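Heads up, the thing below is written out as structure tokens.
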2 protein chains.
Amino acid sequence: MGLNFEIVARDRATRARAGRLHTPHGVVETPTFMPVGTAGTVKGMTQEHLEQLGVQMLLANTYHLYLRPGHEIIRELGGLHRFMAWPHPILTDSGGFQVMSLKGLGRVTEDGVYFRSHLDGSLHFFSPEKAVEVQLALGADIIMTFDECVEYPASHETLLRATKLTGRWARRAKEFYETRNAKLEMQNSKRISDDGFRASALASGPQSPVPSPALFGIVQGGTDQALRRQSVEEIVGIGFEGYALGGFSVGEPKTEMYETVAYTADQLPEDRPRYLMGVGTPEDLGECVARGVDLFDCVMPTRNARNACVFTSQGKLIVKNARYATDEKPLDPQCECFVCRRYTRSYLRHLFLAGEILAGILATYHNLYFYLDSVRRMRQAIVFGNFERNYSRVRAGL
Amino acid sequence: MGLNFEIVARDRATRARAGRLHTPHGVVETPTFMPVGTAGTVKGMTQEHLEQLGVQMLLANTYHLYLRPGHEIIRELGGLHRFMAWPHPILTDSGGFQVMSLKGLGRVTEDGVYFRSHLDGSLHFFSPEKAVEVQLALGADIIMTFDECVEYPASHETLLRATKLTGRWARRAKEFYETRNAKLEMQNSKRISDDGFRASALASGPQSPVPSPALFGIVQGGTDQALRRQSVEEIVGIGFEGYALGGFSVGEPKTEMYETVAYTADQLPEDRPRYLMGVGTPEDLGECVARGVDLFDCVMPTRNARNACVFTSQGKLIVKNARYATDEKPLDPQCECFVCRRYTRSYLRHLFLAGEILAGILATYHNLYFYLDSVRRMRQAIVFGNFERNYSRVRAGL
């Protein structure tokens, strides 16, 4: 396995663990939350803001970048890190979720998915191989296999079919990925030997070929434990550098989600990172860290922010509400982010009502701070051995 | 005069001067450019960005803040500085330009202007007195008299009528302002004497009553030099703490603007700040600093930025253009702003095409940096005695 993942601490009372994930662009301390940078930007944030927030890894959407500006252009410009001026870790999704959810026009076949662009209606095709190819062009640190994600509720038949298909696609993605890697290695070694006496220096130095991205497999199966078990067996059997829990937060009740996450995580290899895709609320993060999840992503903090919904230590706050018209308190009096140290609810409310760009900027920064700080405190608690106490506090406060 | 203005250096070859304007919220080194914060925010910028840019004074629009959130609310919240968390100097315009330009529904009478809100069509009335009252509630450092601004071209009759009306309104504004100040002083001295033995400490300490804003008069008269002279005589006769050159950049040819600015500025008192309203391009700034102007404001750097038009040392650049699709250069290779140190034209182009918030943020920051840096260099050159050389370079480069 190319992706070094160490577990540095385990909680005694829960399944929570603190780890260090070594990627080509730096170490990610887990558990961590990845802000969503759909089109190569986290909406409303500068990369300087993200660094100030302590963002360790970003998620970018393969589907969006494939359509615009195009993965070939990004490859030509040296990859996504360079294109978006983000020299830290990036994970790209496979596009599977988007091609199936953004347009009702998608058609799933054994080979892959036909879908129409949400930008101009043009017809496109994604297969497991194509998804890997596009992601290799983007050049993230972690890339995902192409899966079929099913909404809740779904019939057992639908779930079974999608889970089986996800398994077959995962195998094809892995094979394609390995063939591509072998080719790349041959090219690299050829380049090094062509380079004469500099070869040994290059091979060990900082200019040595960038390792290819780590490929993560995705487990499906809805809330059906038997299907989840079969999916884990199949995906782990193929073998990936990390495992994602897909198909959550698609409409199922919270208790079922937490139970199935726990059940699924328990069967995944201890020594590999676990990524719960598209989840969730601040409460979900605490609950799922306790169930052994290492990585999260979700549009909730950023999308809610743009709709004037902010997360605070006292719960959600809709800052557009008339009651905040003359409220001089910060969004969250307990928060230490720059927004809460400087700006008032009354000012934020005014900015939202006036449709000002600054509204989204300030609310997004605050929400991301809330999420990142929250998960950072969980990690600290795991390391210091007081996660359960901290986690109950988190649960009670939200 | 309450507003201390020192001239620290004069250029030998031109009318350019470098000064220091002491306001209740700090010193403004002139010449300077004021970014426009229409609704209490410079679109796309955090206040932290503005501080980083070295913005010395902001302009805010009385018309917009009067309509939303309302001047009474801002007064209740401690004034505009506190409301928008900007503890540095602020200048508010009088609303005259907006009530006449935003809606064709305005009706000018001797008493004032009836106009409809651009937000909900509701009917409002602004008079010279009302404009001062609203601005006092906002509590800026510098406030403006209510004037009638005429578009170019206009008949001599129209210009004459508007210039005369502006004069009569200026007198009413001054009288109202003085009456309000006298009342305020009485209240302050009463509060201090009620406060017993703390009175002397309070009167001299940092908690002493905030000085009332300085009132600037506005000279009109289009490009008619005789009218400009009459207007200067009348407005200077009334007596203000600073003088604005209004009615420029309304469609007149550049050469006429420069000539009339020079003619008008020459007749204004040497020892008072001169403010050229709503001007202009980077070239205009150089030309008009050379003609003796101290203060500028304009929406051009911020509005253009949001439309993908950026200012560079090589001229304007429309970053949406296809030619920048794979251009890895910064917006301006000569620029040292954080945007140019980190982001490429290709990335900016992508952000604009994708309609991402970050596009406006980065382009706005860069354009403001370009304007502010440009004027800062002019000031430096005036102080160092090489303005003419520097100024010719600026003129040639743009």
Side-chain angles (χ1 to χ4, degrees), chain A residues 37-52 64-65 67-70 72-78 80 82-87 119 302 305-306 325-328 330 338-339 341-351 353-362 364-365, chain B residues 37-52 64-65 67-70 72-78 80 82-87 119 302 306 324-328 330 338-339 341-351 353-362 364-365:
Chain A
T38 306
T41 163
V42 177
K43 292 185 195 308
M45 294 288 93
T46 64
Q47 274 65 314
E48 284 76 8
H49 280 143
L50 299 173
E51 284 170 348
Q52 198 184 11
H64 288 91
L65 292 167
L67 289 179
R68 186 170 58 193
E72 295 294 358
I73 283 200
I74 290 180
R75 172 166 35 210
E76 191 186 326
L77 292 170
L80 186 56
R82 187 161 161 182
F83 177 63
M84 66 178 287
W86 179 255
L119 300 174
T302 43
R306 297 194 305 282
T326 57
D327 188 335
E328 292 206 79
F338 89 82
V339 179
R341 285 200 314 260
R342 182 164 194 162
Y343 303 94
T344 62
R345 294 172 180 177
S346 58
Y347 183 57
L348 263 292
R349 174 175 190 265
H350 164 66
L351 295 176
L353 291 186
E356 288 287 346
I357 303 174
L358 187 54
I361 296 174
L362 297 181
T364 300
Y365 189 97
Chain B
T38 306
T41 162
V42 176
K43 292 186 195 306
M45 294 288 93
T46 64
Q47 274 64 313
E48 284 75 8
H49 280 142
L50 299 173
E51 285 171 347
Q52 197 184 14
H64 289 90
L65 293 167
L67 289 179
R68 187 170 57 192
E72 295 294 359
I73 283 200
I74 291 180
R75 172 165 36 208
E76 186 185 333
L77 292 170
L80 186 55
R82 186 161 161 184
F83 177 64
M84 67 179 286
W86 179 256
L119 300 174
T302 43
R306 298 194 304 282
Y324 303 120
T326 58
D327 188 335
E328 293 205 78
F338 89 83
V339 179
R341 286 201 312 261
R342 183 164 193 161
Y343 304 93
T344 62
R345 294 172 180 177
S346 59
Y347 183 56
L348 263 291
R349 175 177 189 265
H350 164 67
L351 295 176
L353 291 184
E356 288 286 347
I357 303 174
L358 187 55
I361 297 175
L362 297 181
T364 300
Y365 189 96

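Lettering of chains follows the sequences in order, A, B, ..., and the numbering in each one begins at 1. Quantities reported herein were computed from a predicted structural model and do not represent experimental measurements.
For the set B/Glu76, B/Glu48, B/Met84, B/Arg82, the entry with the most heavy-atom pairs within less than 4.5 Å of chain A is B/Glu48. The candidate with the highest count of non-hydrogen atom pairs below 4.5 Å against chain B, out of A/Thr46, A/Val339, A/Ile73, is A/Thr46. Among the candidates B/Lys43, B/Gln47, B/Arg306, the residue making the largest number of heavy-atom pairs closer than 4.5 Å to chain A is B/Gln47. For the set A/Ile357, A/Thr41, A/Thr38, the count of heavy-atom pairs under 4.5 angstrom toward chain B peaks at A/Thr41. Heavy-atom pairs under 4.5 Å with chain B peak, among A/Ala359, A/Gly78, A/Pro69, A/Gly360, at A/Pro69.
Heavy atoms closer than 4.5 Å to chain A are found in both the backbone and the side chain of B/Leu77. When heavy atoms are compared at a cutoff of 4.5 Å, B/Leu65 approaches chain A solely by way of its side chain, counted from C-beta outward. Neither the backbone nor the side chain of B/Arg349 comes within contact range of chain A; no heavy atoms are under 4.5 Å apart. Only the side chain of A/Leu362 comes within contact range of chain B, judged by heavy atoms closer than 4.5 Å. For a residue to count as touching a neighbouring chain, one of its non-hydrogen atoms must lie under 4.5 Å from one of that chain's; by this rule B/Leu351 touches chain A with the side chain only.
Note that OG1 of B/Thr302 is 15.0 Å distant from OH of B/Tyr365, once rounded to the nearest 0.5 Å. Here A/Glu51 contributes atom CD and A/Trp86 contributes atom CH2; the two are 5.5 Å apart, rounded to the nearest 0.5 Å. Taking OG1 from B/Thr326 and CD1 from A/Ile74, the interatomic distance works out to 12.5 Å, rounded to the nearest 0.5 Å. The distance from atom CG of B/Leu353 to atom CZ of A/Arg68, rounded to the nearest 0.5 Å, is 7.0 Å. In this structure, A/Thr364 OG1 and A/Met45 CE are separated by 5.0 Å, a value rounded to the nearest 0.5 Å.
Classified by interplanar angle (parallel below 30°, tilted 30° to 60°, perpendicular above 60°), the ring pair A/Phe338/A/His49 is parallel.
For the pair A/Ala85 and A/Pro87, the tightest heavy-atom approach, listed with the atom from each and the gap, is O-CD, 3.6 Å.
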